[in-house]
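What follows is a set of notes on a single structure, which appears directly below.
Throughout, a chain's letter reflects where its sequence line sits, starting with A, and its residues are numbered from 1. Predicted model, so just to flag it, every value in this text is computed and none were measured.
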There are 2 protein chains.
Amino acid sequence: MTPTRGSAAGNGRVATLSDVAREAGVSLATASRAINGSTNRSVREDLRERVLAAAAKLDYSPNANAQAMARGRTATLGLIVHDIADPFFSTIAAGVTEAADAAGLAVTLANTEHDPEREIGFIQTLQNLRARSIILVGGRQDDDEGNRRLRDALAGYQERGGTAAMVGQPILGVSAVHVDNRGASAELARALHGLGYRRFAVVGGPENHLTARERREGFCAALAELGSPVADDAVVPCAFVRDGGYDGMKELLARGLDVEVVFAVNDVMALGAMTAAREAGLDLPRDLAFAGFDDITALRDVTPTLTTVAIDMVDIGRQATALALGDGGGEPQVVIASGDVVLRESTPGPR
Amino acid sequence: MTPTRGSAAGNGRVATLSDVAREAGVSLATASRAINGSTNRSVREDLRERVLAAAAKLDYSPNANAQAMARGRTATLGLIVHDIADPFFSTIAAGVTEAADAAGLAVTLANTEHDPEREIGFIQTLQNLRARSIILVGGRQDDDEGNRRLRDALAGYQERGGTAAMVGQPILGVSAVHVDNRGASAELARALHGLGYRRFAVVGGPENHLTARERREGFCAALAELGSPVADDAVVPCAFVRDGGYDGMKELLARGLDVEVVFAVNDVMALGAMTAAREAGLDLPRDLAFAGFDDITALRDVTPTLTTVAIDMVDIGRQATALALGDGGGEPQVVIASGDVVLRESTPGPR
DNA sequence: TTGTACGCGTTATCAG
DNA sequence: CTGATAACGCGTACAA
């Protein structure tokens with residue numbers, strides 16, 4: 001056997017605080033105070049230096065797990081997302097990691113892959129980890145049973161001293177950052193109407209997906225008010241992903257409606273829909289205009305540039321983190337994140 | 001009796017294993033064995049059931065930090081990326097979380113925001129957390145001093161029993177998944193040459209960015225072999241991001257070279273470059289062809305669809321995880337991830 | 001098979 | 001200001 005030191009997983013020799021104390025010739029308590037200096041930084045300067053020198057010499061690395069035990073709290077923040085590969089979620093994650101880092105917290109990432117069951121499972125895992133707080137990101141479903149279980153899980157977590165916040169519909173009993181899907185979609189509708197469009201269609205996402213629903217409803221309500229209501233069969237349901245937009249558009253085209261502009265309830269769906277339209281021989285944006293929602297950064301350079309509703313996802317991540325960390329015990333708060341309509345080439349106005 | 005003072009994540013009272021044991025009327029050891037049931041499940045069935053029932057009744061949540069202390073190892077995997085908002089990294093992250101989840105590990109995410117200094121800082125943090133292994137994702141720079149420090153940090157981490165792997169150039173003394181940038185870029189060059197293109201330019205990324213360099217060199221070397229060398233001034237340096245591609249293209253246009261096709265060393269740069277070309281009045285792909293690298297999923301629907309080199313980022317994440325977890329003590333391994341040339345509309349062939 | 005008791009690395013309490 | 005020492009919650013030799 002090769003006598004390699006510290007090769008096998010889990011058996012490396014790590015200097016402990018006792019080692020540091022011994023090396024510095026002080027007690028364990030003094031070493032602890034010198035290195036952490038939390039409550040009372042009352043350590044004589046020369047001793048403090050000796051300890052720090054010893055720690056450096058031994059390459060001391062404080063054991064965060066032991067600290068968690070002794071302190072009764074961790075420096076871990078849990079982040080649960082539906083799909084980290086989706087730019088929407090990963091950009092929010094960037095905001096969360098930024099804020100968490102500023103607060104000195106490590107982020108534990110959980111990717112549910114759109115499985116609500118795993119969402120609950122991860123709350124358990126984060127509970128076991130004694131994560132200080134949890135941030136749940138993603139639109140909710142219209143599923144009373146599922147929401148109830150999730151709410152219970154979060155409540156249990158909070159009863160044990162954790163704090164939580166979410167991004168999405170504020171229906172889980174915790175503070176939330178809620179995108180103003182209705183208002184922004186209405187704004188978008190009014191802007192398109194202002195451009196002269198009168199015949200609209202919606203590639204609308206899943207029936208019980210609350211975010212999709214809010215966007216559909218906001219859009220259609222505004223148009224109804226403007227006297228250009230969207231016909232029922234001009235709203236096609238589909239999945240909330242790119243392929244959903246593609247399929248939804250196919251379906252819409254098959255219906256043979258007379259449409260000037262299509263609103264897809266998110267950007268990637270809009271792109272998928274545009275591809276479907278092109279495959280059907282349409283010339284964009286001349287033959288048909290498109291609008292999306294989210295303003296995904298990576299899609300800034302598509303052609304034609306996409307009219308959409310811009311939301312600041314990094315900031316949403318930051319705000320969710322602030323809510324989670326500040327959420328001491330008061331009532332759950334709700335922060336509304338507004339969206340800005342951005343008119344671009346994909347909606348040049350009717351011919 | 002003894003008032004349970006248990007508290008870990010704040011002030012909520014959490015049932016401990018002792019509570020469960022007492023409730024079930026068994027010893028702590030038995031409760032531990034019944035719940036963990038590691039290799040030796042030597043617990044009488046009725047007792048085991050009593051323990052499990054008690055745990056369920058008390059809503060027992062095992063304290064992972066305490067387990068880490070007692071066992072001497074955690075179930076945490078550290079993931080360090082340059083920018084989680086970048087689709088390239090977030091897709092790899094999806095592969096890592098998938099594999100980690102399958103291995104029963106929690107993923108701690110660290111976002112360096114392209115700061116090499118923070119890369120080292122996070123290794124320290126993960127060391128403190130006693131993460132079982134670390135995965136470092138991102139191309140390296142040609143910076144001997146920086147690489148040396150990083151290598152030292154990783155070596156220190158491994159000496160203490162951690163395992164590590166990376167995605168990128170295998171120059172840090174740990175196992176790595178290395179994309180075959182040179183080979184794939186050469187392949188791309190040959191494919192473009194095969195289409196009839198003869199006058200090439202490269203929007204080349206940063207001078208000392210190893211990934212950019214490998215792609216530039218592979219591309220140019222292949223063309224030199226084919227007798228269509230790329231002129232020195234047809235390779236413009238720029239940042240490795242979208243705006244870099246945009247600026248690089250501006251510069252390239254300013255040079256007034258006679259070019260048929262532009263290779264940008266990654267997809268987002270290619271998109272930025274295309275936008276710059278369009279702003280200069282060019283009609284794409286008729287006036288100028290473009291190719292990128294990575295095949296970012298979100299860009300599948302751009303117009304014209306982008307010729308690029310597809311790499312399976314999710315699988316790269318999986319493989320990196322496998323390397324990290326399997327990396328017991330042997331020599332660092334290197335897995336080459338191949339890229340597939342995908343010819344699309346952006347390179348229709350010369351007119 | 002079950003129980004006792006010790007140890008994991010730190011923090012915090014309480015005397016000196 | 002410093003030093004013993006008791007938790008913290010759990011795993012696991014060792015003993016019964």
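Distance, B:I35 CD1 to D:dG11 P: 8 Å, rounded to whole Å. The distance from atom CE of B:M69 to atom P of D:dC10 is 13 Å, rounded to the nearest whole Å. Rounding to whole angstrom units, CG of residue B:L58 and C1' of D:dG9 are separated by 15 Å. One atom, CZ of B:R71, and another, P of C:dC6, lie 22 Å apart when rounded to the nearest Å. Atom CZ in A:R160 sits roughly 13 Å away from atom P in D:dG9 (whole-Å rounding). Between A:N65 atom CG and C:dT10 atom P the separation is 10 Å, expressed in whole Å. Between A:R50 atom CZ and D:dT2 atom P the separation is 10 Å, expressed in whole Å. Computed from coordinates, the B:N128 CG to C:dT11 C1' distance equals 16 Å when rounded to whole Å.
Considering only side-chain N and O atoms, A:N63 lies nowhere under 4.0 angstrom from the phosphate OP1 or OP2 of C:dC8. An OP1 or OP2 oxygen of C:dT10 is reached within less than 4.0 angstrom by no side-chain nitrogen or oxygen of A:N36.
Taking only side-chain atoms of B:A29, from C-beta outward, the nucleotide of D:dC8, D:dC10, C:dG3 with the closest atom is C:dG3. Side-chain atoms of B:T30 lie closest to C:dG3 of the nucleotides C:dG9, D:dT2, C:dG3. Side-chain atoms of B:S32 lie closest to D:dT12 of the nucleotides D:dT12, C:dG9, C:dG3. For A:Q67, whose side chain is taken as the heavy atoms from C-beta onward, the closest listed nucleotide among D:dC1, D:dG9, C:dT11 is C:dT11.
Residue contacts shown for A:T16 are limited to sugar-phosphate atoms, with no base heavy atom under 4.0 Å away.
The two residues A:N111 and A:I84 make their nearest non-hydrogen contact at OD1-N, 2.8 Å. Closest approach of A:H82 to A:G138, counting heavy atoms only: NE2-CA, 3.6 Å. For the pair A:A31 and A:A21, the tightest heavy-atom approach, listed with the atom from each and the gap, is CB-CB, 3.8 Å.
Counting heavy atoms of neighbouring residues, nucleotides and ligands inside a 6.0 Å radius, atom CD of A:Q333 does not exceed 12 of them. Taking a 6.0 Å sphere around CG of B:D144, one finds it holds 12 or fewer heavy atoms contributed by other residues, nucleotides or ligands.
Side chain B:R33 to base C:dG3: a donor-acceptor pair is found below 3.5 Å. Residue-to-nucleotide contacts include no donor-acceptor pair under 3.5 Å from the side chain of A:R130 to the base of D:dG9.
Projected onto DNA chain C by closest heavy-atom contact, A:L28 and B:S27 fall at different nucleotides, the more 5' of which corresponds to B:S27.
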